[in-house]
Amino acid sequence: MSTVIYPGSFDPITLGHIDIISRASRMFDKVIVAVLKNSTKKPFFSIDERIELIKESLTDIKNIEIDSFDGLLADYVNKKGATTVVRGLRAMSDFEYEFQMALTNKHLNPEVETIFLTSSSEYMYLSSGMVRQVAELGGDITGFVPEIVKNKILEKLFKG
Ligand code: ADP
């Protein structure tokens, strides 16, 4: 069975992430969406909230598992019995960081292959950070995230 790991912060999940997950789910038997716990960034949503939002956003895709991990991705990939990692590539700005990560993971675990799916053009400039920023400033984030994610962001920002 072919399994691919899609690691990230997903804070929160956006339509750009969902596009990558649904495309990967057609290429592999199983996609493990793995939420990174040891991010240095100050999180907006907790790990549990992020997992819940991912679950609720992906009810249409059956061959996925949602998990979280900390420590090295190379070790986590091993633990899950997988050898492939998928990442999304947006503008050129993603390239250098992603290249560095892929090579580091390969060095740590030579079995790991990282594959890249290019972002769909409508999501090329979409990031979780941008969504949070627009929402904080009172802008409309419809079309960037699923409705349930939008509602949860607004609840956190304006009703908390
Ligand atoms: P990280 O904090 O590890 O970059 P993110 O949650 O921001 O995690 O992103 C996880 C992965 O999804 C990364 O490979 C990122 O490039 C990709 N990604 C994020 N947004 C998009 C998008 N709009 N289109 C395609 N890929 C995306």
Side-chain angles (χ1 to χ4, degrees), residues 3-28 30-58 60-61 64-77 80 82-109 112-136 139-150 152-153 156:
T3 300
V4 70
I5 311 260
Y6 182 36
S9 309
F10 304 105
D11 190 21
I13 188 162
T14 69
L15 295 183
H17 294 128
I18 294 172
D19 176 54
I20 298 291
I21 295 165
S22 75
R23 286 159 61 200
S25 76
R26 293 196 289 271
M27 300 167 64
F28 292 86
K30 185 166 147 194
V31 180
I32 302 177
V33 181
V35 182
L36 179 66
K37 282 192 204 162
N38 60 346
S39 167
T40 49
K41 298 174 211 163
K42 190 173 168 283
F44 184 76
F45 285 117
S46 71
I47 297 289
D48 288 346
E49 287 174 320
R50 280 182 253 169
I51 288 177
E52 195 50 41
L53 288 175
I54 296 171
K55 247 183 222 155
E56 289 176 19
S57 303
L58 295 177
D60 290 350
I61 308 173
I64 55 162
E65 177 185 322
I66 302 154
D67 193 15
S68 60
F69 75 104
D70 50 18
L72 289 174
L73 176 63
D75 292 341
Y76 175 73
V77 172
K80 298 304 272 187
T83 52
T84 314
V85 169
V86 65
R87 298 279 290 176
L89 265 191
R90 287 163 291 189
M92 278 299 285
S93 50
D94 275 344
F95 185 79
E96 186 132 346
Y97 173 72
E98 293 292 342
F99 204 89
Q100 195 179 13
M101 284 265 296
L103 288 182
T104 305
N105 285 324
K106 184 120 196 116
H107 177 83
L108 295 170
N109 180 350
V112 176
E113 290 296 347
T114 304
I115 62 160
F116 295 97
L117 293 181
T118 47
S119 170
S120 295
S121 54
E122 62 267 47
Y123 305 131
M124 183 96 177
Y125 294 101
L126 179 55
S127 68
S128 302
M130 198 269 285
V131 168
R132 293 194 306 264
Q133 215 173 345
V134 170
E136 271 162 27
D140 185 8
I141 52 171
T142 309
F144 294 156
V145 291
E147 193 69 13
I148 38 153
V149 176
K150 176 178 132 181
K152 192 85 188 191
I153 293 175
K156 181 153 238 159

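This structure is a prediction, so every number in the text was calculated from the model and none was measured. Numbers here simply count residues along the sequence, with the first being 1. Order of appearance sets the numbers: ligands from 1, and atoms from 1 within every ligand.
- Using a 4.0 angstrom heavy-atom cutoff, Glu98 counts as in contact with ligand 1.
- Of all the atoms in ligand 1, the ones that sit under 4.0 Å from a non-hydrogen atom of Phe10 are 6 (O).
- The protein heavy atom nearest to atom 16 (O) of ligand 1 is Gly88 O, 2.7 Å.
- Where the criterion is an N or O separation shorter than 3.5 Å, residue side chain and backbone included, Ile20 fails it with respect to ligand 1.
- Other residues, nucleotides and ligands contribute at most 12 non-hydrogen atoms within 6.0 Å of the CD atom of Gln133.
- In this structure, the side chains of Phe10 and Leu53 stay at 4.5 Å or more apart for every pair of heavy atoms.
- Against a heavy-atom cut-off of under 4.0 Å, Tyr6 is close to the following atoms of ligand 1: 11 (C), 12 (O), 17 (C), 18 (N).
- Using a 4.0 Å cut-off to heavy atoms of Leu126, the atoms of ligand 1 that qualify are 20 (N), 21 (C), 22 (C), 23 (N).
- Under the 4.5 Å side-chain criterion, counting only non-hydrogen atoms from C-beta, Arg87 is not in contact with Asp94.
- The closest side-chain heavy-atom distance from Ile32 to Tyr76 is below 4.5 Å.
- Among all protein heavy atoms, the one lying closest to atom 21 (C) of ligand 1 is Arg90 CD, 3.5 Å.
- Side-chain atoms of Ser46 and Asp48 include no donor-acceptor pair closer than 3.5 Å.
- With hydrogens left out, the protein atom closest to atom 4 (O) of ligand 1 is Arg87 NH2, 3.5 Å, a heavy atom.
- Residue Tyr123 has at least one heavy-atom neighbour below 4.0 Å for each of these atoms of ligand 1: 22 (C), 23 (N), 24 (N).
- Closest to atom 9 (O) of ligand 1 among all protein heavy atoms lies His17 NE2, 3.4 Å.
- Electrostatic pairing of Asp67 and Lys80 counts as a salt bridge here, judged by a charged N lying under 4.0 Å from a carboxylate O.
- Separation of atoms CD (Glu52) and CD1 (Ile54) is listed at 10.0 Å; rounding is to 0.5 Å.
- In this structure, atom 2 (O) of ligand 1 lies nearest to the protein heavy atom Ser9 OG, 2.7 Å.
- For ligand 1, the atoms sitting less than 4.0 Å from at least one non-hydrogen atom of Pro7 are 10 (C), numbered in the order shown with element in parentheses.
- Residue Asp94 approaches ligand 1 through these ligand atoms, each under 4.0 Å from one of its heavy atoms: 16 (O).
- A salt bridge links Glu49 with Lys156: the closest approach of a Lys/Arg side-chain nitrogen to an acidic carboxylate oxygen falls below 4.0 angstrom.
- Between Phe99 and Phe95, the ring planes lie tilted relative to each other; the angle falls in the 30° to 60° range.
- Atom 24 (N) of ligand 1 has as its closest protein heavy atom Ser119 OG, 3.2 Å.
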